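Take a look at the structure set out below.
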Amino acid sequence: MTISTTKSADGTELTIRIAGRFDFSSHQAFREAYENLPVKPKSYVIDMHEATYLDSSALGMLLLLRDYAGGDSARISIQHCNNDVKKILTISNFEQLFKIS
Amino acid sequence: MATDALRILIADDNASDRLILRTLLQREGHSVIEAENGRLAVQQFLTEQPDIVLLDVLMPELDGYEAAIQIKMMAGSRLVPIIFLTALTDVAALARCLEVGGDDFLTKPYQKLILQAKLRAFTRMQQLYDTVSRQRDEIHFHTERLVREQQLAKILFDNIAHPGCLDAPTIRYQLSPMYIFNGDVLLAAEKPAGGLHVLLGDFTGHGLPAAIGAMPVSEIFYGMTQKGFSLVDILTEINQRLKEILPTGVFCCAISADIDFRSGMLELWNGGMPDAFLARSGRGILTRFSSQHLPMGVVGRDRFRPQVQRAIFSPEDRLLLTSDGVIETSNANGEMFGSERLEQAVATTAEGDSFFAAVQRALELFGSGAAPRDDVSMVEVELRPLSAPEHAPSSPRPTRTGPLDWRFEYELRTQSLQQFDPLPLLLQVLMEQPALRPHRGRVFTILAELYSNALDHGILQLDSSLKNSPEGFAEYYRLRQSRLQQLAEGSIRLVFEHQPRTHGGRLLLRVEDSGPGFDWQRWQASQVPGNGYGGRGLALLANLCQSLQFEGRGNIVAASYDWLLAED
């Protein structure tokens, strides 16, 4: 599992790219990806293009990010999910909390 | 630079060699014990407990090899380095020194620098060894204590998150055995008027944190079910409590069912769990309940959606609930069992066979040779009523009599009718009469029927004949919901009276609604029991009560229930 980040040119949007299995072992890296940035982004993109699987603790981490980014007013979109990943997000009804495409 | 002072045993039959070595060591600040043969060396080792042993190879009575073997044995788990003193250069003889347990050699004539360096090295090794041993003992101690504490906590946990009526012959289940505490919770409880509440939950993570979350779930589930709360109220409460206590990122996927055997209706709520199935063996899946909600503990009361899915069932049907561990079970090739195999197993279950056994067999077949499954929880409920005597709640003989002679009046206005279920509250008041508690189920049924008649038929004007077909049944609930939401006015007044009698008492219940009433004379004349999914309420009431009378324009019902003190 690897996690990498890029910022949009104006610095307001943070993209977090997740590759491989997204599970509890990513906990530390995932939090470091968005915490302690000099400027807090306005919106977040989770790019799941290379993510193969996520478990319930990964769902928990997404909730942690959501809280950090302002809870109900957080702007987070989860993009490029493969079928397995999408299914897990759907079963958990996370589309009620995140923009999933 | 001197090493830390050591107690060193020198065993050598040559007195002058011993003298040279002793002088060297004493100058370094070490204390020295001497032995002139192997036998004495072993004795000195026992009595003097040296830190390091220097052994000559060739000695009378017992040679160095034999002495080394005995000394190592006596030292046990203590690290006591043995350094062989030798003028030998024969490779085989040197190798043998190490084979019998020696740690190093010191060649004669002795060189001070080498001796110092070796002693320092062994001192370091000894300190390292001591540290590791101490830490190992500490870890061992803590692990032991942790296991003991967990075992005690497990007893406590089991008493709170008790299995309810999971031991009923109609229920088969398996719970993930992965840890002393696992993240799964399975609860089943009988409702006061019969019927069943079941809940299968799966917390993020395992172990103690997940188990702690399971405790309030269990307490709320059992407590509120026993008091007659509806599944919707119970789930709303559990969600709210979990939202309050669980840290962000920890939540509970759950599936919960309310099974009403009398009406043959099933209500199910699925938040984040795999599909649940209503199925009949030999016929496969009849209804599928997919997750429609967020898991519990994620959002607060304002965003929590307690809406249930409904289905009608027959006594031959079964309900099958599984955790994601079932479909995520992998075999030796890293392949997942998957939902298709699960559904295949359900679809091909032979008539009369249990789905539970069929799924277990399919898992066995699929996972043969793989690691034992660690996270599999599932439950199958046969949808036929539990036999009453086996599962009647034990009611100890009441120790006080409670109020015997009273009257209680309670009126619900429009807003309360829309959003409040008064039954648990009213049941609580009635059960203040302890001798009435063994009658809890019947009293609750009477209360529930009277109230839902007044609300559904009296106020909302719903026709129970709608419930004669599955489509109408769904329509009934849709209409009920929308009419309730649009309700502009209406009220229900409940009057309870209790009178003492010689060996018990009489409970009078009078329920009056503000609706237009119904043609009770005609109903009484026909007395045809309902044969659809609904319309059986009045017949049931007439059966349970000593008397049942309609008054006014059919908007008032008066029932009386006589009870006798339970025999000793």
Side-chain angles (χ1 to χ4, degrees), chain A residues 1 3 16 18 20-35 40 44 46 51-76 78 81-100, chain B residues 176 182-184 201-207 209-210 213 239 242-243 246-255 269-276 288-305 307 322-328 330 334-336 338-340 374-375:
Chain A
M1 190 283 321
I3 286 176
I16 304 175
I18 292 156
R21 278 178 69 92
F22 187 17
D23 57 21
F24 191 73
S25 62
S26 336
H27 185 81
Q28 197 59 31
F30 186 74
R31 281 185 58 178
E32 277 165 11
Y34 60 84
E35 280 179 2
K40 202 167 163 175
Y44 299 79
I46 312 292
T52 50
Y53 174 81
L54 73 166
D55 71 354
S56 62
S57 56
L59 296 177
M61 287 183 255
L62 291 172
L63 292 176
L64 278 175
L65 169 63
R66 186 175 178 271
D67 255 21
Y68 179 84
D72 286 349
S73 64
R75 287 167 55 191
I76 303 172
I78 304 176
C81 305
N82 73 20
N83 282 340
D84 286 344
V85 169
K86 195 152 197 170
K87 202 166 152 196
I88 291 162
L89 290 169
T90 310
I91 288 178
S92 318
N93 285 281
F94 267 41
E95 71 271 16
Q96 291 179 29
L97 304 175
F98 299 92
K99 229 180 99 194
I100 298 174
Chain B
S176 153
N182 60 59
D184 292 347
D202 177 4
F203 280 86
T204 345
H206 294 279
N239 176 72
L242 289 182
K243 174 69 184 157
L246 295 180
T248 304
V250 180
F251 50 82
C252 179
C253 293
I255 190 157
W269 186 94
N270 185 347
M273 293 288 271
D275 289 0
R288 167 194 305 270
F289 304 94
S290 298
S291 163
Q292 292 190 325
H293 303 287
L294 283 164
M296 296 208 273
V298 175
V299 291
R301 201 181 290 277
D302 49 330
R303 292 193 61 187
F304 180 70
R305 301 223 313 252
Q307 285 82 1
T322 59
S323 73
D324 58 5
V326 176
I327 49 179
E328 286 180 7
S330 333
E335 219 180 331
M336 284 213 287
S339 50
E340 272 145 48
D374 51 16
D375 205 14

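Keep in mind it's a predicted model, so treat the numbers as computed, not measured. Chain A is the first sequence line, chain B the second, and so forth, proteins listed ahead of strands; every chain is numbered from 1.
Counting all heavy atoms, side chain and backbone alike, B:Gly213 lies closest to B:Leu242 at O-CD2, 3.7 Å. Among all heavy-atom pairs drawn from B:Gly249 and A:Leu64, the shortest one is CA-CG, 4.5 Å. In this structure, A:Ala69 and A:Ile76 approach most closely via the heavy-atom pair CB-CD1, 4.2 Å. Across every non-hydrogen atom of B:Pro295 and B:Val298, the tightest pair is O-CG2, 3.6 Å.
Both the backbone and the side chain of A:Phe94 come within contact range of chain B, each with at least one heavy atom under 4.5 Å from a heavy atom of that chain. Neither the backbone nor the side chain of A:Leu65 comes within contact range of chain B; no heavy atoms are under 4.5 Å apart.
Annotation: the span from A:Phe30 atom CZ to A:Ile3 atom CD1 amounts to 6.5 Å, rounded to 0.5 Å. A:Leu89 contributes atom CG, which lies 8.5 Å from atom CZ of A:Phe98 (distance to the nearest 0.5 angstrom). A distance of 13.0 Å separates CG of A:Leu62 from OH of A:Tyr44, quoted to the nearest 0.5 Å.
Ranking A:Ile91, A:Leu63, A:Leu59 against chain B, the residue ahead of the rest is A:Ile91, based on heavy-atom pairs under 4.5 Å.
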Anything under 3.5 Å between chain A and chain B that's a donor-acceptor pair? List each one with its distance, please.
from, atom 1, to, atom 2, distance (Å)
A:Tyr53, OH, B:Glu328, OE1, 3.1
A:Tyr53, OH, B:Glu328, OE2, 3.4
A:Asp67, OD2, B:Thr248, OG1, 2.7
A:Asp72, OD1, B:Arg303, NH1, 3.1
A:Ile91, O, B:Ser291, OG, 2.3
A:Asn93, ND2, B:Ser291, OG, 2.8
A:Asn93, ND2, B:His293, O, 2.8
A:Gln96, O, B:Arg303, NH2, 3.0

